[in-house]
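When a ligand or atom number is given, it counts from 1 through the structure's own listing order.
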Amino acid sequence: MKNNGRKVVLVGCGAVGTSFLYSAINQQLAQHYVLIDVFKNAAEGNTIDLADTMAVLGDNSFTSIKAGDYSDCKDADVVVITAGRPQKEGETRLAMVADNAKIMKDIAEQIKKSGFKGVTIIASNPVDVLTAVYQEVTGFDAHSVVGSGTTLDSARLRRLVAEKLNVAPQAVNAFLVGEHGDSSVAA
Ligand SMILES: NC(=O)C1=CN([C@@H]2O[C@H](COP(=O)(O)OP(=O)(O)OC[C@H]3O[C@@H](n4cnc5c(N)ncnc54)[C@H](O)[C@@H]3O)[C@@H](O)[C@H]2O)C=CC1
Ligand SMILES: CC(=O)C(=O)O
């Protein structure tokens with residue numbers, strides 16, 4: 001077991017949040033996980049599902065997972081934020097800014113109040129704007145607040161180029177730069 005003792009708190013237990021958790025658990029990223037969602041049932045249901053994996057993952061796994069609240073951020077190493085309202089059909093990411101900025105401000109205030117001192121990773125959209133909102137509200141060092149930016153766009157670009165050239169995506173080096181949104185450009 002990688003006994004790193006690391007604690008990760010996830011805020012937002014929807015499709016992106018739970019995908020992150022499955023990946024984190026499989027990569028043995030941490031030993032302790034806490035799930036927070038405005039709908040407590042989402043945090044609790046996913047906690048139970050993920051706790052079930054302990055039996056099959058054995059010693060190379062994690063030691064605790066629970067549905068919690070913002071006080072759990074106090075001694076966390078990493079907080080991952082994927083909370084937000086769903087994107088409507090045809091809606092741009094930027095069109096969600098008013099609703100999701102309110103949600104992000106509320107989350108940021110609660111995380112700040114907890115005494116959290118770790119690294120924050122944000123995926124909620126529009127991600128670049130919300131990362132700035134979070135950083136401004138918390139006043140945390142900008143180096144400890146990371147937005148997912150154009151990571152996903154770059155992966156998509158590499159896959160598309162790979163499909164065109166009939167090579168493996170890993171063999172393609174390409175980046176989309178700028179905002180994670182409709183204005184990003186290939187580099
Ligand atoms: N940065 C990127 O590359 C990507 C970003 N996204 C964004 O990630 C976010 C989540 O997407 P999905 O997981 O697909 O949505 P989802 O609707 O499946 O999950 C969102 C979760 O956030 C929760 N939530 C809403 N308000 C909350 C609050 N105030 N506090 C705590 N939890 C709250 C909801 O109850 C729900 O469980 C969206 O903003 C989406 O646009 C999605 C894909 C890629
Ligand atoms: C939802 C989103 O940001 C994406 O799939 O790129």
Side-chain angles (χ1 to χ4, degrees), residues 8-25 33-51 65-74 76 78-114 116 119-138 142 145-161 163 169 174-187:
V8 171
V9 176
L10 170 72
V11 183
C13 305
V16 175
T18 50
S19 299
F20 157 73
L21 280 177
Y22 282 115
S23 178
I25 286 171
Y33 293 94
V34 179
L35 282 66
I36 300 175
D37 198 286
V38 71
F39 293 114
K40 210 138 197 238
N41 283 350
E44 280 165 359
N46 281 303
T47 297
I48 294 167
D49 286 345
L50 290 160
I65 184 159
K66 66 168 190 172
D69 57 42
Y70 287 96
S71 65
D72 289 298
C73 298
K74 184 178 169 53
V78 179
V79 169
V80 176
I81 306 176
T82 63
R85 76 148 169 86
Q87 199 168 352
K88 295 176 195 149
E89 179 115 19
E91 187 181 40
T92 65
R93 297 176 188 85
L94 277 178
M96 296 191 287
V97 74
D99 293 343
N100 281 349
K102 264 190 225 134
I103 291 175
M104 185 57 75
K105 183 170 177 288
D106 178 54
I107 291 170
E109 281 165 353
Q110 300 197 66
I111 292 174
K112 169 87 175 165
K113 201 165 136 210
S114 76
F116 175 62
V119 171
T120 308
I121 299 170
I122 299 174
S124 310
N125 271 321
V127 68
D128 303 287
V129 179
L130 296 192
T131 302
V133 168
Y134 177 90
Q135 202 265 324
E136 206 173 295
V137 172
T138 57
V145 179
V146 183
S148 59
T150 50
T151 312
L152 181 56
D153 316 64
S154 298
R156 285 175 176 149
L157 176 63
R158 291 173 69 190
R159 173 182 59 78
L160 288 167
V161 172
E163 281 173 7
F175 296 93
L176 269 180
V177 296
E179 194 213 350
H180 174 59
D182 297 344
S183 63
S184 60
V185 291

K.L.:
Does only the side chain of Asn125 get under 4.0 Å from ligand 2, or the backbone, or both, or neither? Count heavy atoms.
P.N.:
side chain
K.L.:
Heavy atoms only: which of Arg93, Arg156, His180 is nearest to atom 5 (O) of ligand 2?
P.N.:
Arg156
K.L.:
Is it true that atom CD of Glu163 has more than 12 heavy atoms of other residues, nucleotides or ligands lying nearer than 6.0 Å?
P.N.:
yes
K.L.:
Please classify the Met96 to ligand 2 contact at 4.0 Å (heavy-atom distances, strictly less than): side chain, backbone, both or neither.
P.N.:
neither
K.L.:
So among Val129, Thr92, Val133, which one has a side chain to side chain contact (heavy atoms under 4.5 Å, CB included) with Val97?
P.N.:
Val129
K.L.:
Is there side-chain contact between Ile25 and Tyr33, with heavy atoms separated by less than 4.5 Å?
P.N.:
yes
K.L.:
Taking the side chain as every heavy atom from C-beta outward, state whether Leu157 and Phe175 have any atom pair closer than 4.5 Å.
P.N.:
no
K.L.:
Within the side chain of Asn100, is there an N or O that forms a donor-acceptor pair under 3.5 Å with the backbone of Asn125?
P.N.:
yes
K.L.:
Are Glu109 and Lys105 close enough for a salt bridge, meaning some N to O gap below 4.0 Å?
P.N.:
yes
K.L.:
Checking the N or O distance criterion of under 3.5 Å, is ligand 2 in contact with Gln87?
P.N.:
no
K.L.:
Checking side-chain hydrogen bond (donor to acceptor under 3.5 Å, both in side chains) for the pair His180/Asp128: CA distance, chi angles, key distance, verdict?
P.N.:
CA-CA 7 Å; His180 174 59; Asp128 303 287; over 6 Å; no
K.L.:
Counting heavy atoms only, which part of Leu152 comes closer than 4.0 Å to ligand 2: side chain, backbone, both or neither?
P.N.:
side chain
K.L.:
Tabulating one pair per line, provide the atom names and distances (0.1 Å) for every N/O atom of ligand 1 that is less than 3.5 Å from a protein N/O atom.
P.N.:
residue: ligand 1; atom: 1 (N); partner: Ala123; partner atom: O; Å: 3.0
residue: ligand 1; atom: 1 (N); partner: Ser148; partner atom: OG; Å: 2.9
residue: ligand 1; atom: 3 (O); partner: His180; partner atom: NE2; Å: 3.4
residue: ligand 1; atom: 6 (N); partner: Asn125; partner atom: ND2; Å: 3.3
residue: ligand 1; atom: 13 (O); partner: Ala15; partner atom: N; Å: 3.1
residue: ligand 1; atom: 13 (O); partner: Val16; partner atom: N; Å: 2.8
residue: ligand 1; atom: 18 (O); partner: Ala15; partner atom: N; Å: 3.0
residue: ligand 1; atom: 22 (O); partner: Gly84; partner atom: N; Å: 3.4
residue: ligand 1; atom: 32 (N); partner: Val38; partner atom: N; Å: 3.3
residue: ligand 1; atom: 35 (O); partner: Asp37; partner atom: OD1; Å: 2.6
residue: ligand 1; atom: 35 (O); partner: Asp37; partner atom: OD2; Å: 3.4
residue: ligand 1; atom: 37 (O); partner: Asp37; partner atom: OD2; Å: 2.7
residue: ligand 1; atom: 39 (O); partner: Asn125; partner atom: N; Å: 3.0
residue: ligand 1; atom: 41 (O); partner: Asn125; partner atom: ND2; Å: 2.9

K.L.:
Out of Ile111, Val78, Val34, which one pairs with Cys73 under the side chain to side chain contact (heavy atoms under 4.5 Å, CB included) rule?
P.N.:
Ile111
